[in-house]
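First the structure, in the form of structure tokens, and then the observations on it.
Numbers restart at 1 for each chain; the letters A, B, ... are given by sequence-line order, proteins then strands.
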There are 2 protein chains.
Amino acid sequence: MSLQHALLTSIVEKPCSGYELARRFDKSIGYFWHATHQQIYRELARMEEQGWVSSVEVEGGRAGKRKFKVLAAGKKELRRWASEQSEPFRLRDEMMVKLRADAAVGPLGLAEEFERRLRLHEQELQTYREIELRDFSDPDMPRETQIHYLILKAGIAFEAGRVQWTKEALKMLRQEAST
Amino acid sequence: MSLQHALLTSIVEKPCSGYELARRFDKSIGYFWHATHQQIYRELARMEEQGWVSSVEVEGGRAGKRKFKVLAAGKKELRRWASEQSEPFRLRDEMMVKLRADAAVGPLGLAEEFERRLRLHEQELQTYREIELRDFSDPDMPRETQIHYLILKAGIAFEAGRVQWTKEALKMLRQEAST
DNA sequence: CCACCCATGTAACTAGTTACATGATTTC
DNA sequence: GAAATCATGTAACTAGTTACATGGGTGG
């Protein structure tokens, strides 16, 4: 299971509460590993049991707020996991199934949904490009920043590919709608 | 849930047994919607209960072999689902987490794994290109074939992007290994 | 004082994975 | 006659989602 490792990574980067973790996750690792807050709290509890992380009540914060940090055993586990082989992730895209369904049972009017998606992907791509300009303009980057940039570039390439492909799909879908 | 719809689509394309479905799935829809045979049998049973598909024992085949076909209610459901909005799928890529972990806790020796992946992606890309040559060379394609080609092109673009990005990642990882 | 955000969780369900089990038929 | 493949499934577990629940603090 890798959610635990994704959480470990995020806490190593910056110790925090479960709530903060859930919000930060959305904005960083969440781009390529999504989790809900319920899952996060569950895994935090498990990892604390396993001795990978520990938490202390935050004095002066809201009641019950706990700050988590990664213990030595957690770091060791993170290193162990990172050096393991892993399978490339699988795509899981409903739109492809819908396209095949359209091919099999006749036109299903998918163009509208593709247009909606095109706008979404273009917006996402723009967001990424803005981050690129804001955070990675300086050509002289330390190792850590280089890696973060590399990850962003994967996201940019992926979204750019999606945008381009979606346009192509729309061209096809519109073409036949007019005949 | 979309596994059911993916299965409906596949059975609409060609009625078959659960076993055949599982194998065919791997080679077609499975590229963007994976499922194990256990899941497939479970969903087939559910869909039969719901009246979306029906099965008949195959005479002359192996004992117990059943052939499934999609009923009118199943086709109706497929159409209903296809016209629904759906969320773009999320990436879920362990390698990105590992890269971030590497940035946070120091070099983890990920280059080897990236090289392995590069070979895998290049191989996959070549497989796709061979299918492209074999099945989609004729420029005069009927609608159904155009859609299948469109789906393949998404796969090609995606794998090509992965290959390129993996090379870039390797360049970075090797660069620092030599210093 | 009301709405919103912070901060925690539980419970129930659905989907996906892994391990096990069984027996028939074809191929060497 | 042994091994591989066809063909079906059950059981147990793990991961992910959805719905619900609670209460404190802050800003208008």
(request) Check the angle between the aromatic planes of Y31(B) and Y128(B) and answer parallel, tilted or perpendicular using the 30° and 60° thresholds. (result) perpendicular

(request) Name the orientation class of the two ring planes belonging to F158(B) and F89(A) (parallel below 30°, tilted from 30 to 60°, perpendicular beyond 60°). (result) perpendicular

Supply the atom-to-atom distance [X] [atom1] to [Y] [atom2], rounded to the nearest 0.5 angstrom.
X       : Y       : atom1 : atom2 : answer
W52(A)  : K76(A)  : CH2   : NZ    : 11.5 Å
I40(B)  : L3(B)   : CD1   : CG    : 7.0 Å
L110(B) : R116(B) : CG    : CZ    : 12.0 Å
R100(A) : S28(B)  : CZ    : OG    : 4.5 Å

Hey, does the side chain of [X] come within less than 4.0 Å of [N]'s phosphate (OP1/OP2), counting only N and O?
X      : N       : value
R92(A) : dG16(D) : no
Y41(A) : dG9(C)  : no
S17(B) : dT8(D)  : yes
Y19(A) : dC6(C)  : yes
R42(A) : dA12(C) : no
R46(A) : dT14(D) : no
T36(A) : dT18(D) : no

(request) Not counting sequence neighbours, which residues clear salt bridge (charged side-chain N to carboxylate O under 4.0 Å, His left out) with R46(B)? List them please. (result) E43(B)

Can you check the [X] [atom1] to [N] [atom2] distance for me, whole Å?
X      : N       : atom1 : atom2 : answer
L44(B) : dT10(D) : CG    : P     : 12 Å
D26(B) : dC6(D)  : CG    : P     : 12 Å
L21(A) : dG9(C)  : CG    : P     : 12 Å
L7(B)  : dA15(C) : CG    : P     : 12 Å
E87(A) : dT17(C) : CD    : C1'   : 12 Å
R24(A) : dA7(C)  : CZ    : P     : 13 Å
K65(A) : dG9(C)  : NZ    : C1'   : 16 Å
F68(B) : dA7(D)  : CZ    : P     : 13 Å

(message) Which residue in the set K27(A), K65(A), K14(A), R66(A) passes salt bridge (charged side-chain N to carboxylate O under 4.0 Å, His left out) when paired with E20(A)?
(response) K65(A)

Please tabulate the protein-to-nucleotide N/O contacts below 3.5 Å involving nucleotides 19-21 of chain D, giving atom names and distances.
unit_1  : atom_1 : unit_2 : atom_2 : d
dA19(D) : N6     : Q38(A) : NE2    : 2.9

Short N/O separations, protein against nucleotides 25-28 of chain C, under 3.5 angstrom:
unit_1  : atom_1 : unit_2 : atom_2 : d
dT25(C) : O4'    : R62(B) : NH1    : 3.1

(message) For a 4.5 angstrom cut-off between non-hydrogen side-chain atoms, does P88(B) reach L120(A)?
(response) yes

(message) Both R23(A) and S2(B) contact DNA chain C. Which one's nearest nucleotide lies toward the 5' end?
(response) R23(A)

(request) Give a yes/no verdict on a cation-pi contact between K98(B) and W81(A), requiring under 6.0 Å between NZ or CZ and the six-membered ring centre and an angle within 45° of the axis. (result) yes

